[in-house]
Every structure is written in structure tokens, then in C-alpha cells.
Q: 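Quick one: this structure, given as C-alpha cells, is what I'll be asking you about.
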Amino acid sequence: MRIVFGLILVLGIGLAGGAVYLTSNLFKQYEAKLEAERANNKPVIETIDVYVATKKLEYGQRLMKDSVELVAYPAKSLPEGYFDTEAALFPEGEDEPRTILRTMEHREIILQVKVTGPGEEAGITSQLERGMRAFAINVDVSSGVSGFLRPGDRVDVYWSGDMTSRTGNGRERTEVTKLIESGVRLIAVDQVSNVDTTGAMIARTVTVSVRPEQVAALAQAQSTGTLSLSLVGADDDTTVEKIEIDQNELLGIAEYEPEPERAEEPTCTVRTRRAGEVVFDPIPCADNS
């Protein structure tokens, strides 16, 4: 009797184990099909391998091969100016590496605007675009926006000086302030060209990036008067119209205009003799028109 009971118990355990095994296989097959369907339904994202920083890179550092690595990035999310080949990033190898112009954090994409050309130093010449020139402007606390200027900022340049105009009584000198350049980019403040600079700097000179014809205008303006700078907002893309104001306009003084001379009306007389005396009596003039 015990033998029969033992056989039934073993048979029951075997059947239960077989049921568990079959159920487990069914669940695994179902999960595999579900994962396959999820994978098929996922959108296909095109990626491009681009170079990123493997550590924090700061202004003035040399960019070496051990400081970068290739990482897959979504192609539609990439900014302009990335590097995707070693030949593009290190055309001269590590003999003439690039220099960091702007601080980059770990895993940040290496962009052309943040590094110099191969073998170049991180000076102001590397920040001049094609056809542009560097020009230094003398400033002080008042004309230099009280030390709030930083490399990379944009400023409007105003000229103040005396202007001579010809009037009916000769020549007249008037003090005038006028806008001569708008939205000029600063590439250095004193000897500092690092755009990541923080803290106030009371500068004596600022260096701007301008076209050759603007250099001539600024040089002439600086030699004949004083230049003042006005800081432009980072997101300000408005166009500034021509601005000019003189002392009379500032103080609300109207220019003196002499009254026009009145033409004398013609007078007519008649001569008569009275008691040996000649008398002239006025009479209405005849209308010759």
C-alpha cells in the first residue's frame, strides 16, 4: 500500500513539474515575441560618431588625442562645426594640436568655434573672421561701461566732439554726440581674450573686430574726439537707426532765426509852393500794375 502511495506521489510531482516547465516555456516564448514586437516598433534614429571631451577642457589648453573620444549622437541634434574624423580634428597630428578657446565640460561635443586651428595659439588673431581686423579703443570707467565688458560682448560706439558749421555770421562750433558703429564685437578687454572670464575688469583699452573701412572711421573718430561704448544685450537683434544729438537739442534751446526784413512801402508826394515855401504833401501812389 505504501508502495502504491509512493508511486502516486512521484507521478503527481512529475506531472506538476512538467506543467510548470511547459508554463515557463510558454511565458518565455510570449516575452520573446513581445520584445521582438517592441524592437520592431521602435523608431530608427540615425546617429553619427562625433568627438567629445573625455574631461573638462579649459581655455588655453592643448587639445590632445587622449582628451577626446568618438561617441554616437543623434544626427538631427548635432550643432554645426562638429568633428567626426581624426583627420579633421588632428590634420597635423599631435605635432601641431589645436588650442581650447572656450571651456568645455566632460562629454561635451568638440566644436570649431571652441578651438583654434591646428598649431594656433589662443590669441585674438584666432578670433578674427576672414576679412576682419582688430582695433583698440581707449576707454575708462565711464566710457567702458564701468567694468562690465567681457570678450565676446557686443557694443555700440558713440563719438563726442566739436563740429563746425557755416552760418550767416561766419562759422559756429557745436558739441555733438552721434552713433558711429553699432553691434561691434569685443575680442579682448585689455590683454584678456578669454570669453569665459568672470569678475569685473576696469579696462583701459578694448579690442574690437571690425572691417578695414570701420578701422579708418574709428581711428579718425578717436583722434578728433572721445569714444564711448554702450553694451548691447545678449539676445538683442534690433537695428539701431542713425542717432545724433547736439548741445542745443539736449538742453532744448531753439536756434535763433532773425526776422525777415520787411520791404519798405513806396511813398508818393506832391510838391506845392505856399507863400514862397515848397511843401511836400504825401498822396496815394498810383497802381502801376
Q: Do V155 and F135 sit in one hydrophobic cluster, given that two such residues count as connected whenever their side-chain heavy atoms are within less than 4.5 Å of each other, even indirectly?
A: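 Both belong to a single hydrophobic cluster.
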
Q: Would you say E46 has more than 12 foreign heavy atoms packed within less than 6.0 Å of its CD?
A: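 Not buried by this count: 12 neighbours or fewer within 6.0 Å.
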
Q: CG/L179 to CD1/I245 distance, rounded to the nearest 0.5 angstrom?
A: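 It comes to 13.0 Å.
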
Q: Between atom CD of E213 and atom CG of L218, what is the distance when rounded to the nearest 0.5 Å?
A: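 Here the interatomic distance stands at 10.5 Å.
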
Q: If every non-hydrogen atom of E108 is compared with every non-hydrogen atom of M104, which pair is closest and at what distance?
A: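 That would be OE1-CA, 3.2 Å.
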
Q: Please find the pair of heavy atoms, one from R154 and one from G233, that lie closest to each other, and give the distance.
A: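 Shortest heavy-atom contact: NH2-O, 3.3 Å.
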
Q: For a quick test of reading the model, state the closest non-hydrogen atom pair linking A53 to I110 and the distance between them.
A: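 Closest approach of A53 to I110, heavy atoms only: N-CD1, 3.9 Å.
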
Q: Please give me the minimum heavy-atom distance between L149 and L229, naming the atom from each residue.
A: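 So the minimum-distance heavy-atom pair works out to CD1-CD1, 3.7 Å.
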
Q: Working to the nearest 0.5 angstrom, can you tell me the gap between S230 OG and I243 CD1?
A: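 Going from the OG atom of S230 to the CD1 atom of I243 covers 8.5 Å.
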
Q: With rounding to the nearest 0.5 angstrom, report the CG to CG distance, L231 to D236.
A: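 Here the rounded value is 10.0 Å.
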
Q: Are M64 and L101 linked, directly or through intermediate hydrophobic residues, by side-chain heavy-atom contacts shorter than 4.5 Å (ILVMFWY only)?
A: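 Not linked; separate clusters.
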
Q: Using a 3.5 Å distance criterion without hydrogens, assess whether the side chain of D190 forms a donor-acceptor pair with backbone atoms of R204.
A: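 Checking the backbone N and O of R204 against the side chain of D190, a donor-acceptor pair under 3.5 Å is found.
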
Q: Tell me the closest heavy-atom pair linking V208 and V184, and the distance in Å.
A: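 That closest heavy-atom pairing would be CB-CG1, 3.3 Å.
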
Q: Looking only at heavy atoms, what is the nearest atom pair of L63 and P97, with distance?
A: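 Minimum heavy-atom contact is O-CB, 3.4 Å.
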
Q: Take L57 and T103 through the side chain to side chain contact (heavy atoms under 4.5 Å, CB included) test and state the conclusion after the steps.
A: CA-CA 6 Å; L57 302 174; T103 300; over 6 Å; no

Q: Could you please spell out the steps behind the side chain to side chain contact (heavy atoms under 4.5 Å, CB included) verdict for I48 and Y82?
A: CA-CA 10 Å; I48 297 178; Y82 60 84; 3.8 Å; yes

Q: Counting distance only, does the side-chain N/O of E94 pair as donor-acceptor with the main-chain N or O of K65 below 3.5 Å?
A: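 Yes, E94 side chain to K65 backbone: donor-acceptor pair under 3.5 Å.
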
Q: Please step through salt bridge (Lys or Arg N to Asp or Glu O under 4.0 Å) for the pair E121 and R62, ending with a clear verdict.
A: CA-CA 9 Å; E121 298 289 340; R62 295 290 191 176; 2.7 Å; yes

Q: Is it true that a side-chain atom of W159 and a backbone atom of I180 form a donor plus acceptor pair closer than 3.5 Å?
A: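 Judged by distance alone, no pair lies under 3.5 Å.
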
Q: Please check if V215 and L186 belong to a single hydrophobic cluster, counting links between Ile, Leu, Val, Met, Phe, Trp and Tyr side chain heavy atoms closer than 4.5 Å.
A: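 Shared cluster, yes.
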
Q: With rounding to the nearest 0.5 angstrom, report the OH to CG distance, Y158 to L227.
A: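 One finds 13.0 Å between OH of Y158 and CG of L227.
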
Q: Answer yes or no: is there a donor N or O on one side and an acceptor on the other, between the side chain of Q222 and the main chain of N138, under 3.5 Å?
A: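 Checking the backbone N and O of N138 against the side chain of Q222, a donor-acceptor pair under 3.5 Å is found.
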
Q: Quick check: are there more than 12 heavy atoms from other residues, nucleotides or ligands sitting under 6.0 Å from NZ of K56?
A: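 Open.
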
Q: Hydrophobic clusters here meaning ILVMFWY residues chained together by side-chain heavy-atom distances under 4.5 Å, can you tell me if L78 and V113 are in one?
A: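 The answer is yes; both residues are in one hydrophobic cluster.
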
Q: Within the distance-only criterion (no hydrogens, no angle test), does the side chain of T54 pair as donor or acceptor with the backbone N or O of S67 below 3.5 angstrom?
A: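 Side chain of T54 to backbone of S67: a pair is present.
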
Q: State the CZ-CD distance between R98 and E92, to the nearest 0.5 angstrom.
A: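 Here the rounded value is 9.5 Å.
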
Q: Assess the residue pair D84 and Y51 against the criterion (side chain to side chain contact (heavy atoms under 4.5 Å, CB included)); give the C-alpha distance rounded to whole Å, side-chain angles, the decisive distance to 0.1 Å, and a yes or no.
A: CA-CA 6 Å; D84 56 359; Y51 279 99; 5.9 Å; no

Q: Would you find a donor on one side and an acceptor on the other, under 3.5 Å apart, between the side chain of T99 and the backbone of E120?
A: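 Yes.
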
